[in-house]
Amino acid sequence: MAPLGPGGTVARHRAVRLLLAGTRLTASPWPGGGWQLADRGGRRRHCAGLDALWTAVRALSGPVITADPGDTTRLHHLPRAPVLDPHALVVWTAAALRAGSVPGPLTVRAAGWSLTGGADPGAVPALHRGDPDPAARAVRVEAPWGARTLAAHLTRVCAAPEEPR
């Protein structure tokens, strides 16, 4: 997935750390681009981007985003979700597509962006500017199943940090 521009490194790293919290893996931004993934045994690998990072995470520790198998919702809409960080949204969507438990197409519309992917496993997810208001509060998740669970997880991970006073 293409980066959203400068200034998002901290937000992307925060989202990666939150998603890796339940694993025995760590990742840090690589100075030349991409990520350095490390396990508790000290083995390290360079991942060129988010797709490579989450593919490696899935291979080493299994899915990091799981939907409740009993959740049969295909579409879930949260009209007044917390303000989401668009950089974290890109990280979460890449993780859901490459290291998630829901196969098939996934579409996420939030924070003024629309991200779609998963119909073709090898294709790069499409990122489109949606609502011109980046503080748009609505979140919409479309998935083959588990949309409600995924929307709840998305809002927890991608909530923009509070501004210091």
Side-chain angles (χ1 to χ4, degrees), residues 1-5 7-23 25-29 34-35 37 47-68 71 73-119 121 123-131 133-162:
M1 285 195 176
L4 296 174
T9 303
V10 172
R12 288 187 293 267
H13 187 225
R14 177 181 172 274
V16 167
R17 279 194 332 263
L18 287 170
L19 287 165
L20 290 177
T23 70
L25 303 171
T26 60
S28 55
W35 299 86
L37 181 66
C47 301
L50 289 172
D51 288 333
L53 172 68
W54 295 118
T55 300
V57 167
R58 171 97 187 203
L60 294 171
S61 72
V64 294
I65 296 176
T66 56
D68 178 5
D71 179 2
T73 56
R74 297 176 52 95
L75 170 67
H76 192 69
H77 181 80
L78 298 170
R80 300 291 299 161
V83 175
L84 302 182
D85 185 290
H87 296 280
L89 182 65
V90 169
V91 170
W92 186 92
T93 304
L97 290 170
R98 301 293 185 242
S101 67
V102 178
L106 172 69
T107 300
V108 177
R109 290 182 180 88
W113 295 93
S114 175
L115 297 101
T116 303
V124 175
L127 173 67
H128 301 284
R129 185 77 171 144
D131 186 344
D133 177 11
R137 301 289 295 268
V139 172
R140 180 181 169 125
V141 175
E142 299 172 41
W145 53 274
R148 181 179 30 243
T149 308
L150 293 173
H153 189 266
L154 169 91
T155 56
R156 281 194 308 274
V157 171
C158 298
E162 302 237 348

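In this structure, Ala27 and His13 approach most closely via the heavy-atom pair O-NE2, 3.1 Å. Taking every heavy atom of both residues into account, Pro63 and Gly100 meet most closely at CB-C, 4.0 Å. Summarising the geometry of Ala11 relative to His87, their closest heavy-atom pair is CB-CB, 3.8 Å, with the distance given to 0.1 Å. Residues Pro105 and Pro144 share a closest heavy-atom pair of O-CD, 3.1 Å.
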Give the intermediate values and the outcome of side-chain contact (heavy atoms from CB on, under 4.5 Å) for residues Val91 and Val157.
-> CA-CA 10 Å; Val91 170; Val157 171; over 6 Å; no
Pair Thr26-Leu20, side-chain contact (heavy atoms from CB on, under 4.5 Å): steps then yes or no | CA-CA 7 Å; Thr26 60; Leu20 290 177; 5.6 Å; no
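Among residues two or more places apart in sequence or in another chain, the side chain to side chain contact (heavy atoms under 4.5 Å, CB included) test is passed with Ala95 by Leu19, Trp54, Val64, Ile65. Looking at residues two or more places apart in sequence or on another chain, you find no salt bridge (charged side-chain N to carboxylate O under 4.0 Å, His left out) involving Arg14. Listed by chain and residue number, Thr107, Ser114, Arg140, Glu142 satisfy the side chain to side chain contact (heavy atoms under 4.5 Å, CB included) test with Arg109 (two or more places apart in sequence, or in another chain). In this structure, the side chain to side chain contact (heavy atoms under 4.5 Å, CB included) partners of Ala56, at least two apart in sequence or on a different chain, are Leu37, Arg45, Cys47.
Between atom CG of residue Asp51 and atom CZ of residue Arg98 there is a gap of 4.0 Å, rounded to the nearest 0.5 Å. Distance check, rounded to the nearest 0.5 Å: CG of Leu25 to CZ of Arg17 gives 15.0 Å. Atom CG of Leu97 and atom OG1 of Thr93 lie 6.5 Å apart (nearest 0.5 Å). Rounding to the nearest 0.5 Å gives a distance of 12.5 Å between CG of Leu53 and CZ of Arg12.
Of the possible polar contacts, none joining the Ser61 side chain to the Thr23 backbone as a donor-acceptor pair under 3.5 Å is found. At distances below 3.5 Å, at least one donor-acceptor pair connects side-chain atoms of Ser101 with backbone N or O atoms of Ala67.
Trp35 places none of its side-chain heavy atoms less than 4.5 Å from the side chain of Ser28. Side-chain contact check for Leu106 versus Val141: some heavy-atom pair is nearer than 4.5 Å.
Residues in residues 149-161 take part in these side-chain hydrogen bond (donor to acceptor under 3.5 Å, both in side chains) pairs, two or more places apart or across chains: Asp71-Thr149, Trp92-His153. Applying the salt bridge (Lys or Arg N to Asp or Glu O under 4.0 Å) rule to pairs touching residues 82-92 yields nothing, sequence neighbours excluded.
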